[in-house]
There are 2 protein chains.
Amino acid sequence: MARRSDHTREELEKLILDAAWAIIGTDGYNGLTARGIAKHIGYTPGTIYNLFASMDDLSLHINARTLDLLYDVLADPACNDPKKSPAQNMKRMARHYIRFAQEYRPYWLMLFSYSLPEGRRDDPWYQQKIDRLFSPLETLLCPYFSPRQDGQRQKTARLLWASVHGLCFLQETGKIALAYGKKNGGKAAADSMADMLIDTFLNGIKSR
Amino acid sequence: MARRSDHTREELEKLILDAAWAIIGTDGYNGLTARGIAKHIGYTPGTIYNLFASMDDLSLHINARTLDLLYDVLADPACNDPKKSPAQNMKRMARHYIRFAQEYRPYWLMLFSYSLPEGRRDDPWYQQKIDRLFSPLETLLCPYFSPRQDGQRQKTARLLWASVHGLCFLQETGKIALAYGKKNGGKAAADSMADMLIDTFLNGIKSR
DNA sequence: ATAATAATTGAACAATGTTCATAATATTTA
DNA sequence: TAAATATTATGAACATTGTTCAATTATTAT
C-alpha cells in the first residue's frame with residue numbers, strides 16, 4: 001500500500017517517537033527495536049526508515065526529548081529562590097537532578113550510554129540543548145564571581161555539574177557502590193554527598 | 001571433534017579472554033562477538049559457551065581485568081609521595097585516573113557502560129575489586145580527619161572519586177562538552193578541572 | 001480516466017547470541 | 001590391548017536484530 005494519509009509526515013514522526021518513548025519506559029532502551037515500534041503503531045519496520053535515517057538517528061531524537069525535560073527540571077524557579085542562599089538553591093538543583101535520573105531512569109541512562117551516534121551528535125541543534133543545561137547553575141554562581149571572571153564561573157559550573165552527575169551516575173548504575181558501611185545504602189547516598197560537595201566546595205571558594 | 005587437549009581448560013579460558021581483550025582494543029566493545037573470538041583463537045562459537053555462561057559473563061571477566069589494572073594505577077606509590085602534599089598527591093591520582101581512561105578507553109567505557117550483567121555483578125569477588133578502588137584516596141585523606149571520623153573520611157573519598165569520574169566521563173564520552181568557549185577544548189579540560197576541584201574542596205575542608 | 005507521484009510494504013540479507021544433538025577424542029575399565 | 005565411558009569441540013539451527021529496496025498501492029495532477 002501507500003500514502004494512507006492516515007497521518008501527515010509530522011504526525012507520523014511524533015507517533016513513532018511517542019511509541020519509542022513508551023517502549024523505552026517499559027523495557028529499557030535495549031528493548032527498543034524497529035519492529036517493536038512498528039507493531040506498536042500499526043506500521044511496518046520499513047516505514048520508520050522513511051522518517052529516520054537509522055535507529056541511532058531515532059535515538060538522538062529521543063535523547064533530545066530527554067534533554068528538554070532535564071532542562072526544565074534544572075531551570076525550575078524553585079532552584080533559584082531569591083529568599084534562599086545560593087547553597088540552598090544549588091542543593092535543591094542537585095536533588096532535582098538526582099530525582100530526575102531516578103524517575104526518568106531509562107531515558108537518563110540512554111542519554112549517557114555510549115554506542116550512540118558519534119556523527120550527528122554535534123549537530124548544532126543538539127549541542128545547543130546540551131550547552132544550556134549549565135546555565136541555571138552558572139546563574140547561581142554569580143554571587144561568587146565578579147563580572148570579569150565569567151570564564152571561571154562557567155568552568156566552576158561545569159565542574160560542579162559533572163561532579164553531581166558523577167555521584168548520580170555511580171549510584172544509579174550501581175556499578176560502583178557509593179554507600180559505605182551497612183546503613184545508608186539506599187537512594188539517600190547521592191543526595192547527602194551532593195550536599196556535602198556543595199557546602200564544602202562553596203566554603204572553599206569563599207575562603208580563597 | 002572433541003577434547004583436542006591443545007589447551008587445558010584454564011589455558012583456553014585465558015586464550016578466550018586474551019582474544020576478547022585484543023578485539024575490544026581494536027574494535028571497541030561493540031565489536032566483541034562470540035564468532036569473532038572463536039575465529040581469533042581457531043575455535044568455534046560453541047566452545048566459548050563451554051567456558052563462559054554467556055557473553056555477559058565473559059564481559060564481566062573483562063571488566064575484572066580492567067578493574068585490576070585501574071587499581072594498580074591508583075595505588076601507584078607516585079600518588080602517595082610523602083615528600084608532597086596531600087593535594088599534590090591527589091592531583092596526581094586524578095591525572096592517573098584521567099590518563100587511564102584515555103589509554104584504556106574501550107575497556108574503561110565498557111566498565112561503565114550499562115546493559116551489562118545485572119545478576120552476577122554483585123558477586124563478592126567482583127564487588128571486592130570495586131571497593132578497594134577507593135582505598136588509595138581514603139589514605140590520602142587521613143591528615144584531614146581524626147581516627148574517629150572514619151565514616152566521614154570514607155564518604156569524602158567516594159565523593160571525590162565520583163566527582164573526578166564525572167569530569168572524566170563527560171570529557172571522554174564527549175556527550176557533554178566540558179570545554180567552555182573556543183580554546184582549551186582538548187584533553188586538558190578534565191585535568192585542569194580536577195585540579196580546581198581538589199584545591200577548592202580541600203580548602204573547604206580546612207576552613208570548616 | 002490516465003499518468004505521475006509518493007508512501008507503505010514485506011520479503012530479503014547479513015549478523016547477532018545461544019542451544020544442542022552429533023561427532024570425535026581422551027581416559028578409564030576390563 | 002580392547003571396549004566402555006566420559007569429556008569436549010563442532011556446526012547446524014533458531015530467533016532476533018538493523019537495514020535495504022523492488023514491488024505495490026493510494027493519492028494527486030493532468
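Computation of the quantities below employed the complete heavy-atom set of this structure, encompassing side-chain atoms and omitting hydrogens, waters and symmetry-equivalent molecules. So you know, we letter chains A, B, ... as the sequences are listed, proteins then strands, and number each from 1.
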Taking only residues two or more places apart in sequence or in another chain, which ones pass ring-ring contact (aromatic ring centres under 6.0 Å, His included) with B:Tyr43?
->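 Once residues adjacent in sequence are excluded, B:Tyr43 has no partner under the ring-ring contact (aromatic ring centres under 6.0 Å, His included) criterion.
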
Would you list the pairs meeting salt bridge (Lys or Arg N to Asp or Glu O under 4.0 Å) in which at least one residue belongs to residues 24-42 of chain A, sequence neighbours left out?
->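 Non-adjacent pairs meeting salt bridge (Lys or Arg N to Asp or Glu O under 4.0 Å): zero.
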
When all nucleic acid strands are considered with a 4.0 Å heavy-atom cut-off, which category describes B:Leu58: base, sugar-phosphate, or nothing?
->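 Touches nothing.
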
Cation over ring face, B:Arg153 and B:Phe145, 6.0 Å, 45° |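 Negative - B:Arg153 is either too far from the ring of B:Phe145 or too far off its axis.
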
Pi-cation contact, B:Tyr71 with B:Arg132 (under 6.0 Å, within 45°) |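 Judged by the rule (NZ or CZ under 6.0 Å from the ring centre, within 45° of its axis), B:Arg132 counts as positioned above B:Tyr71.
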
Would you please confirm or rule out a distance under 4.0 Å between OP1 or OP2 of D:dA9 and any side-chain N or O of B:Asn50?
->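 Yes, within the criterion.
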
Phosphate oxygens OP1/OP2 of D:dT8: is one of them under 4.0 Å from a side-chain N or O of B:Thr47?
->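 For B:Thr47, the contact criterion (side-chain N or O under 4.0 Å from OP1 or OP2 of D:dT8) is not met.
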
In terms of the angle between their ring planes, are B:Phe134 and B:Trp161 parallel, tilted or perpendicular, with boundaries placed at 30° and 60°?
->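 Perpendicular: the ring planes of B:Phe134 and B:Trp161 meet at over 60°.
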
Could you state the atom-to-atom distance from CZ of A:Arg9 to P of C:dT5 in whole Å?
->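 To the nearest whole Å, that distance equals 18 Å.
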
Taking CG from B:Asp6 and C1' from D:dT10, how many angstroms apart are they, rounded to a whole number?
->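 In whole Å, D:dT10 C1' lies 14 Å from B:Asp6 CG.
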
Which value, rounded to the nearest 0.5 Å, describes the distance between B:Ile198 atom CD1 and B:Met93 atom CE?
->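 The CD1 atom of B:Ile198 sits 9.0 Å away from the CE atom of B:Met93.
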
Restricting to nitrogen or oxygen on both sides, can you table the protein-nucleotides 14-17 of chain C pairs closer than 3.5 Å?
from   : atom 1 : to      : atom 2 : distance (Å)
C:dG17 : OP2    : B:Ala34 : N      : 3.1
C:dG17 : N7     : B:Arg35 : NH1    : 2.8
C:dG17 : O6     : B:Arg35 : NH2    : 3.0

